[in-house]
Every structure is written in structure tokens, then in C-alpha cells.
Amino acid sequence: MAEVLLTEDQLDHFRVRAAEIAHPRELVIDVLRAIQSNFGWVPDEGVELTGEILRLSPLQVEEVATFYDKIFRQPVGKRVIHVCDSVCCWSRGAEEIYAHLQKTLGISPGGTTSDGVFTLLPTCCLGACGEAPAVMIGLTTYGDLTPERLDEILERERAALEE
Amino acid sequence: MPTITIDNQRVTVPEGTNVLEAAKKLGIVIPHFCYHEALGAVGACRLCAMTFLEGSDKGPKLKGVHMSCMVTARDGMVVSTLDEESADLRRHVIEWLMMNHPHDCPVCDEGGECQLQDMTVAGGHGIRRYRGLKKTYVNQDLGPFISHEMNRCIQCYRCVRTYQDYCGGTDFGVLGCNQRIYFGRFRDGTLQSPFSGNIVDACPTGVFTDRTYRFRARPWDLEEAPSVCPHCSLGCAVIPGARYRELQRVRAGVNAKTNGFFICDQGRFGYGHANRPDRPRSPRLGEREVSWPEALGALRRELEIIIAEHGSQAVAFLGSSRASLESNAQLLELARFFGSENFALEIDPERDRAARTTAALLGECARSQEEVRRSDFVLLVGADPLNEGPMMALAVRQAVRAGGSAALIDPRPVELPFAATHLPLSPQNLPEVLKALAEERFERFSARERTVLAGISARIKEAKRPVLIGGGNLLGSSGAQLLIEAARAFSRGDRACGAALLLAGPNSFGSALLAAQSPGPDRLLAQMQEGRIRALLCLESDPFADHPEPGRARMALSRLKLLAALDYLPTETARRCDIFLPTTAPAESAGTYVNFEGRMLPFGSVFDPGVPIQITGGGDHPPRSFEAHTPGSLPRPAWAALAALRGDSLSLAHIRRNLQRSDARFAGLAELEEGGEGRRVNGAGQMPGHGPELPKHPSAEGALRLVVTECLFGSETIASFSPVLDPVRPAPVVRLHVEDGVRLGIHDGEKVRLRTELGDLAVEVRLCEAMAPGIVVLPRLRQGEWEIFVPGVHRDCILQKEGG
Ligand code: SF4
Ligand code: SF4
Ligand code: FES
């Protein structure tokens, strides 16, 4: 992960876009996500930079940033596991999945594994009710989970990171 | 107008009223949090449930339990608030809302005026069943005015809707979502909006409380009365609260015609003047404190001696725009009593003329704050509402929020809480632009200016309720006249174009009405200089600080044989006069202000003057000692003191009755309710004489025009004596156009010398783009070396680099 918030190219791109459109505010999520994918999470400076680009106050950016649970305002592991805690997943064993994750990773919700790989977070509906119970790791959604399948997935995710 | 039935009672309400309001009209108050008359209904708190038994024939059929704030009353609706289903729902909703709320009302500063307490009881929730952990939050430091206790929040969103939506603030809002909602700032720090205090009034619980009043009193221990804000010409309704002879706080009053529900922070936190330890509280002869009878006797004797020696015209009377209508009227009575025609009711000659011109011409063009809120196009010319009448900025903001638009023609870099086209023309072009707008002839302007002006003119013509707003300081008398004439020119048979002028003080308009026969402050000063006026009696006026030519004023004042003053502030005049009579601060006496639109606004007395507990108790409990002063030696209302000088003892009601009997323009004054909506005066003032010609610009090679401008928390007299505002006094910086900066080699943030005929000043420069070139904008700051620069004066200046 790069240690810059935004690359020069990205900065130029967002500045130009912000000048072109009537409501630069609509770019808040785009800028925050760009920062997050460069930096891993969005530090205070990222919120302020976003405000500066879009001519918003830091508070106006922070209102949006903190509304979404997929914008991280604190450092997280390399892969964030979002466990669905909505009703469909719950009715099909999400609690078991959640407990299994906590046990195998050795962390509680909100925690990050000591090797800095995984962070565990609950999330509202992932839109994967048809394959409940589901989780999202990074940007990949996995459904029809069992503890065994989950172990394989974690293994694969870890291996992919090491490559 | 629909008629609906609520709990078997019928009520007819205006079209568009919601059912919650309709019930209120019947005296049925159903618990509610998120609905607020000024903020509208959002249906968020789910508390105002009622059962709809019959829908209306018109509109959708509504049956069952609904949020009454979200339902518009329609003819034929039958509603029950007593129905068990909705009552039960309300009971449960309040129980949820209370779940995380702390159980410690005795240590909460909101206690005694907490809507949450009231609504909880009204909602039928008494016994707590929840035994789990509660959510807790970290509080923020929001600056000197507001305390923050987030644990008390019930998520009604009123604060954000007030701060962001109504007032246009951008540094406070709602963070997080769902179970983690937080109302605060990005970081700790002072709230930036000049309307921040309104969240104290808006929050139904103790999350936001007035930090300047923290733990000073319970509301039931406060003496309160509906009053009118004395800090600018808008006349917003306020409710000051006092305890132990000390003004403890001010909160917003409600006046639909003026402020609506909110006030600015100057009106709210400018109250410390009444409690100052150095406030003069005893009558004085020279340095010696004396009793009232002795001081009154001495003053009258001195005046009579001077009259006997030099004739009646040798005594002059100077009123002010911060003294009430009644006090100014009594000053005139006194002048008449002594047979003197030498009086003025404002020391600044241009402000005097601007106010008198406004009072003479405004007539049916006058627009209230409420009418501005409902306007669909507002043009500001030479007006800086945030600094000259803050709530007017919010009034225009509401017009813009409701779909209207706004434009600004002003040389200064004017900050506004709404979007507006800004045309920065130089100050000497403002009269010209008003003429050009009225006649629709823009040839003299540059191509870009022509386009903007044509656009503005088209928008005024399209608008159904256009209003032109000017600032008395920058426009002066001739500008005020041109603005009103432009409004007339834009009026047509089917609709009128309104006008408003922001004036200097709370009673500028009233003083101007009374000043018809005044020779004006210039003549007074000239006669003082010539030695023809020997005695001057100042009513809540400070000629040492407020005359635009301080040198000339000082010289003239030094020639007087007798300088007498009535005041409640330790001004220079109060300190240096020969005879001093202490008067009551606005909250200590009743009176009337006539606001910028000519609306008479009577106010009541909140508390009796006396030495505040801060001083007698040294900040501790009430002392158990006896007082040293004689009863009756305390400050008196200026009108009472002035009447006593004539040997009269009139009640205020009597003064008001006399005033309306002798002057039909004040008809109805005596019957007006204190703290009510007030009423426009019935008739105009008279035009003042012509002022001196404005100097040509630039008069000297390389000179810039100095534009002195009012600034919030820095310029207004009474607020400048309020220590509560000290932490937010504006910084002494001047502003200069970027081009001028380049030309003169001056950088942003650089310290330079400002040279004027009044003397030199070391100033820090801020470079700006959104302003006219060729000018230096300097804030009026009181009580310091900047005080000599008074708004509204056309003067040249030179900026010189240090060492250059
Ligand atoms: S802080 Fe007060 S006004 Fe704001 S949401 Fe909470 S309870 Fe409502
Ligand atoms: S706008 Fe003027 S009258 Fe209204 S509260 Fe502020 S200072 Fe007072
Ligand atoms: S007042 Fe109606 S839902 Fe809150």
C-alpha cells in the first residue's frame, strides 16, 4: 500500500472533475475510496484533503465518511471481513459463522489479527440473501458458507496476499 | 381553510397546517421532538402519533395511527389523541428515547426547562424497565459559548437542522449512522457560525447548554421578561434572564414579524455590559459620588445658570440610537422645557442623515425580516448583513432556501450564508449603480458589469416579491434615498418592490422620527467650537468615541463649560463628564425601540438594577452583610431621570400616552403589548438638510479609499462592553485587493503602515479577490487605537511598507 493519500494524477483528476460539475459534493465517496485504496484507510488528513478538493468543510466530508461502514476512519488489516448480521443470514446460521471467525482468527468484532491481515466487522445486508449466510472479504462476496468452507476461503485470501 | 375534528372538538386552520399544529390550536399538546415551527416536520422522532378515525373526502384516505406532524389537515378529518393505540405507541416511543438517556436530571443544566422531561411525563412514561448498559460518548470543546454533553442526545436532529439548514453553518453536523450517531464537529474547536447559540434553544435536552451561564441558575430562579435586542437595528425578540441583580443569559424570543425563532450570537452573548464591575452606578458631581436629588439639583442649577448668562440656545441635548424612543422623547421635552432648539439624536452626522432620510422616505416600501424571508429576489447594495444586522443575513438565506435568489453589489469582500452573485463596485459607484438600475441605463459600466447589472434588473422585474436591502453606513443619506427611489421605480401596479436599510442602532428609526427639527450634530459641534453652546447633556451617547472626526469632536467638547451624561456604560464621555447620572441597562428598564422598518417594539423590564452578586459576593454565595448604599441611589431609567430634571415624575405608560397623543405617528404605542409583534409607525419623518459633498477620489497620488466597516463582535457599543464576547473579538486586519497588493508589493499577511489624516496605524494585510480594487477595508474595532476609524466616512489612506 502506498503511503500517499492521492497520487499527483488522482489529485489532478479530482480537481478537474470538481471544477466541471455543479455539485462537487457528489464526488465525496470517490475521493475517499481512492484515498482508502492507496492508504489502506482514511486518516484525518484524508478527510481534510477531500474537503479541500471538493470545497467542503472537513465536517461535511466527515458526515459522509462516518455514515458508511466501508470507509475506514481507523487503521484496518489488509483484508476486512464484513459479516452480514441482517435477518436472512441470521436465520441461516450467521451467528455460527461469526463465532467461528472470531475463534479461528482470535479476535473479537472490530479487532485486527496480530499479523495485520484480517479485520473483522459486522455489516448490514450485503444483498446476498439468496446465498445466506454470506460475508464479504475485501471486495469479494462469499455465500453459502459453512465453517469448513470459511477456513478454505481464509487460507486462499491469505495466500493471495502473500503472492 | 379546512375544518377538522380532534377529540370531538372542531377547529379551522389555515391551508397547509399539519394536524399537530391544529391540535395545539385547541390546546391539545401532544408530545413531539423533531417538529419545530421554523424547521418544519421530518417525522423522525415518531412521538407525535395520533389515531385517524375518518379520513378526508379530499386527498388520500387516512386511517389508523399516523405521525400527526407529517399529515396536513384536510377538511372532514376526525382524529383522536386519546385513543389507546396511539397513546400506547407514544408511551413506548418515549421509553425507547429514554433508554440511553442518563438518569441524572439534578446535575443537568437543562433541568427546569427540559422538553425531554416534559414530554416524557406527557408521553406517559414513568418507570424505567431497561437495566442494560447505556451508550456513552466523548464530549467536545465547542468554544466559549456552548457546552456539549452528548450522552443526553435523543437524536431529534433539531440542532443540525438549525445550525446547517437554517443558519448555514458548515462546521457542525451529524456523524456516524445507526446506533453510533454523534452531533458535533470534525475536531474540538469553537463553533464558527455567528448563530451558534441557537442550538441551545433548539435542543430539547441538555446536550447543548449556554456555557456562559453554566450552573448559574435554574430557570425558575430567573427573572425573565420579553424584551428586544439592543445590539442592532433589526429589533429581534429576546428573553433576558436575571438573578441576584445580574444578567445571567439571553435566549431567543419569538416574534413572527422580526426574528422568527432565532437570534444571533451578538444578541445572545452581548449581555455582560450590565454586570461590569466598572459600570457607573452612582450619580456623580465631578469625581464625587452623590445622591440622586443632589445630582439632579446640581445639573438643573448649572443649566439654569448657563441659560441665564448665555441664553437658552447655549445648552444642547444629544440623544442616541441606543436610547429608547421614550428616553429620546423625554430629552426633547427637556430641551423644550429649557427653550433650547439645539438638539441631535445621533452624534455621527452621516448616520443621522441616513436614518432621517430612511424614516422620511421608506413608507410603504418598508419590508420586515419576515417579508424578506418570503421574498423571491433580494438585492443587497452596500450592505453587509452578517456584520450590520446579522439576522437579516438569515432572513435572506431563508428566501434563497425557499427557491429565491440573491445578488450583492458591494466594494467589500462580504461573507454571506447563502449563494449570491457579487459585483464588487467601488463605494463611489454605488449611488450611480442605484440610479442606473432605476433608469435601466448601464452604458457607463464595463461590459462585464453591464451583463451582471442587466441580469439583476431582469431578476427584479421577474420577481413577485423583490426587496432591495442597503446599508446605511456605506450608502449614506443620498444612497438611502436612491435605494428607496429604485425600489419605487421597480414597483408596478400588480406588485411592489420593497426596500430595507440597515441602520446604526436599535432605535435609529425612532430617533430619526423625533429629530425632524434637529439642526443636526454638525451644527451642534460647530456651535460648541464657536463657544455658543456652553453645556451639553448626552443621553446614552459617547461623542468622544462616535464622532467620525475625533479630533474635531474633542476640541469642541473641551470648550464646553458643562458636560453632563446619562449612561449605563463606562464610556469615555461617562468617565470625563462633569455631572453623571447612571441609567438602567436595556434589560433593567422598559422602553420601546423603533426598528429599521419603522416597527415600534415595546419591551418590558426584566429586573431591577442593583449591584450584582459577582461584585458583592466576590463570586461566592449571596453575602449576608448589609449594603452600603442608600436605597434609591441606584441607576434609573433615562426617561425617568430626564423627567425628574423637569421636576416631573411620569410613569412609562404616561410617557407613551403623551407621545401618541402629541404625535399621531406613534398612535397605538401605549396599547402595544410588550414583547408582542409590534406595529409600524403611522407616518414618516422629515428629510434632513444636505450633507457636505463627498471628497473626490483619489485626492492624493497613490491614495486608496479607506472603507471602515462594521464587524460583528467588534463594533457595536454595548456588545463591546460585554466581556462574554472577548474570546471572539475579530482580528485587527485590513483587506486589500490582490491587484493592489501586487502593485504596491504588499504580500498576504504582511504588516504595513496605514497612513491617514487621523494618524498612522500598523496593520496586517489580507489580500482578497472578491472585492473592489482601490480600497482598503478596515474593521471598526472599539476600545483601542482603531476606534478612531468610524464607518461611513469617506477618507483616503496610503499603505506603506514598513521601513519604506
Ligand atoms: S443534540 Fe439535542 S437537538 Fe441535536 S439531535 Fe441530540 S437531542 Fe436533538
Ligand atoms: S440581528 Fe441584531 S437585533 Fe437581532 S439578535 Fe442579532 S444583534 Fe440583536
Ligand atoms: S414530531 Fe412528529 S415524528 Fe417527531
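Quick note on labels: first sequence line is chain A, next is B, and so on, each numbered from 1.
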Residue Val61(A) versus chain B: region with a heavy atom under 4.5 Å: neither
Determine yes or no for a side-chain-to-main-chain donor-acceptor pair under 3.5 angstrom, with Thr113(A) supplying the side chain and Phe118(A) the backbone. yes
Interchain contact, Phe172(B) with chain A, by part (heavy-atom threshold 4.5 Å): backbone
With no hydrogens and no angle check, is any side-chain donor or acceptor of Arg15(A) less than 3.5 Å from a backbone partner on Ile53(A)? no
Going by atom types only, do Arg401(B) and Gln398(B) share a side-chain donor-acceptor pair under 3.5 Å? yes
Heavy-atom pairs under 4.5 Å with chain A: which of Arg185(B), Arg180(B), Arg187(B) has the most? Arg187(B)
Heaviest contributor of heavy-atom pairs below 4.5 Å to chain B, chosen from Leu59(A), Asp69(A), Thr66(A), Val64(A), is Leu59(A)
Is it the case that the side chains of Tyr163(B) and Asp171(B) hold a donor-acceptor pair, with the cut-off being a distance below 3.5 Å and no angle test? yes
